[in-house]
Amino acid sequence: MKALCLYFQIHQPLRLKRYRFFDIGNDHYYYDDYTNESIMRKIADECYLPANKIVLELLKTNKGKFKISYSITGIALDQLEQYAPEVIDTFKDLAKTGDVEFLAETYSHSLASLINKDEFIQQVASHSDKIEALFGIRPSVFRNTEMIYSDEIGEMVSKMGYKAILTEGAKHILGWKSPNYLYCNAINPKLKVLMRNYKLSDDISFRFSSEGWKEWPLTTTKFVGWLNEMDDKEDLVNIFMDYETFGEHQKKESGIFEFLAHLPQEVILKSKYKFATPSELTSEFHPIAQAHVPNVISWADEERDLSAWLGNKLQDEAFRKLYALRDDVAVVNDDRINKDWKYLQASDHFYYMCTKFASDGDVHSYFNPYSSPYDAFINYMNVLSDFQIRLKIVKDGLAVDPEELQYQISQKDELIARYERELSELKN
């Protein structure tokens, strides 16, 4: 029997407050608590709580026949515990059914897999510890930040003991092949690779409420019909998307919750598919081939690459400066430093600096709290400068030399002026 895998990503960054030059060395708290709490409460009320209520009822009604999977970043869990603890309780209720799988990922929703193996391994272990402590389940399947994947990243994940990884079914990787099979890592075939069917996933997550879409309105009957029309030789379909699809990206008025509530019965009664978790897919199916991914891919934007986070000089500079501090952070091992270190690694900070335009640019603007990539870069680099000063104080036990501080600020002024000119040229 063919299998349908539903997986949902949950992440919210800790947004930084407006942090200016004169704050450097004086203000060591970086976060916009009001905005973070407001957004988390809004999404909890509009998405997480109503969606979890529906999912729990579906799991009870279709015991053993309906399965679902989640990965929740450590940063999101920290905020839920602080601002919406009842959401954590509803996820615990889902876990108790035995039909929900929680996946591992980086604690910080970071890009550590691209630059520092030790940091990557440490974050993944911390995240799995957190999941096990909250839900009593130790993850066995991994999903990297934004589904970032390559052969080498897969090999690292395999060595950490995970049996499978989720990633994008990118056209330029698959070519004529279909994402609707199980694959394996090209370096270590023990690691299974599950690839997202991006068309069917995006039909729900992006196009569901678009009245200009030729398939609007999307009903469960129509969606299951598409599943049944697929090649009988194909083994599985992976529907991977943000959980915020329900009630946030697609508003309640669109009928998205009704779609979720009716989909399981439509699949169970009228399709060739059964629901399965990622770990069940790796046990029940055999890989048909190796997935050769020599260059890093992701599920972001049209290119399915890293350009959403590392596509311009602003992003590259901030990324390089951040991870240049990693060894000192490890040596210091200070609780407050470690906490800020985790939160400053969130990939969202680099996403806000993206200079893409056209359709991808619209998506970036929608999620961006800054007026421009330049503003995002300045704010982040100001915070990073203060963090670097604090790190030096704790590491060396020394007060900061005012002349050295002034020199750092002047150097950054020159750097920002240069980036402002480059950004202006890019816009033109």
Side-chain angles (χ1 to χ4, degrees), residues 2-9 111 113-114 141-155 157 164-187 189 191-208 210 212-215 218 222-223 225-242 245 249 273 278 281-282 285 287-311 347 351 354 356-364:
K2 297 156 74 78
L4 178 66
C5 180
L6 293 182
Y7 154 81
F8 298 103
Q9 160 71 33
L111 305 175
S113 62
L114 303 174
V141 175
F142 184 76
R143 186 268 196 191
N144 200 12
T145 302
E146 304 295 340
M147 289 197 179
I148 288 172
Y149 178 77
S150 69
D151 295 336
E152 291 185 0
I153 291 173
E155 184 187 24
V157 170
I165 189 169
L166 277 57
T167 192
E168 176 72 354
K171 276 185 178 180
H172 67 280
I173 294 298
L174 287 172
W176 57 268
K177 293 180 288 189
S178 167
N180 303 328
Y181 292 99
L182 185 66
Y183 293 87
C184 65
N185 178 258
I187 299 174
L191 183 78
K192 307 305 187 293
V193 180
L194 292 165
M195 292 192 158
R196 184 175 84 115
N197 185 308
Y198 67 84
K199 182 186 182 303
L200 290 180
S201 299
D202 291 351
D203 283 343
I204 301 173
S205 61
F206 288 113
R207 293 182 279 273
F208 184 85
S210 176
W213 180 36
K214 67 177 182 180
E215 299 293 349
L218 178 58
K222 182 182 293 184
F223 190 80
W226 292 342
L227 292 175
N228 287 332
E229 290 171 1
M230 291 190 168
D231 192 332
D232 286 337
K233 295 178 181 178
E234 295 179 337
D235 295 327
L236 50 91
V237 173
N238 295 313
I239 304 297
F240 302 160
M241 66 184 82
D242 289 335
T245 295
H249 304 330
Y273 292 79
L281 293 180
T282 63
F285 296 97
I288 64 160
Q290 294 180 344
H292 290 278
V293 188
N295 300 313
V296 181
I297 62 171
S298 76
W299 72 348
D301 297 345
E302 193 68 28
E303 297 89 350
R304 304 296 200 265
D305 59 10
L306 300 178
S307 57
W309 309 277
L310 298 174
S347 62
Y351 187 89
C354 186
K356 286 188 176 184
F357 303 104
S359 59
D360 286 342
D362 293 339
V363 174
H364 287 263

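Predicted model only: the values in this text are computed from it and were never measured. What you see below is based on every heavy atom in this structure, not just the backbone, and it leaves out hydrogens, waters and symmetry mates.
Between the side chain of N185 and the main chain of D151, a donor-acceptor pair closer than 3.5 Å is present. Between the side chain of D305 and the backbone N or O of S307, at least one donor-acceptor pair lies under 3.5 Å. The closest donor-acceptor contact from the side chain of T145 to the backbone of L111 lies at 3.5 Å or more, if one exists at all. Here the side chain of S150 pairs no donor or acceptor atom with the backbone of N295 at under 3.5 angstrom.
For the pair I153/L114, a side-chain contact is recorded, criterion being any heavy-atom separation below 4.5 Å from C-beta on. At least one side-chain heavy atom of S298 sits under 4.5 Å from a side-chain heavy atom of W309. I288 has its side chain out of reach of K233: every pair of non-hydrogen atoms, C-beta onward, lies at least 4.5 Å apart. Between D202 and R196 the shortest side-chain heavy-atom distance falls below 4.5 Å.
Partners of P278 under the side chain to side chain contact (heavy atoms under 4.5 Å, CB included) rule, at least two apart in sequence or in another chain, are C5, S69, E101, L103, V141, L166, L194. In this structure, the salt bridge (Lys or Arg N to Asp or Glu O under 4.0 Å) partners of D203, at least two apart in sequence or on a different chain, are K199, R207. Residues satisfying the salt bridge (Lys or Arg N to Asp or Glu O under 4.0 Å) test with E234, not counting sequence neighbours, are none. Take Y149 and apply the ring-ring contact (aromatic ring centres under 6.0 Å, His included) test, not counting sequence neighbours, and it matches no residue. Checked against ring-ring contact (aromatic ring centres under 6.0 Å, His included), Y183 has no partners two or more places apart in sequence or in another chain. For Y198, there are no ring-ring contact (aromatic ring centres under 6.0 Å, His included) partners, not counting sequence neighbours.
The CG atom of L6 lies 7.5 Å from the CD1 atom of I204; values are rounded to the nearest 0.5 Å.
Using a 4.0 Å cut-off between charged nitrogen and carboxylate oxygen, D231 and K2 do not count as a salt-bridge pair.
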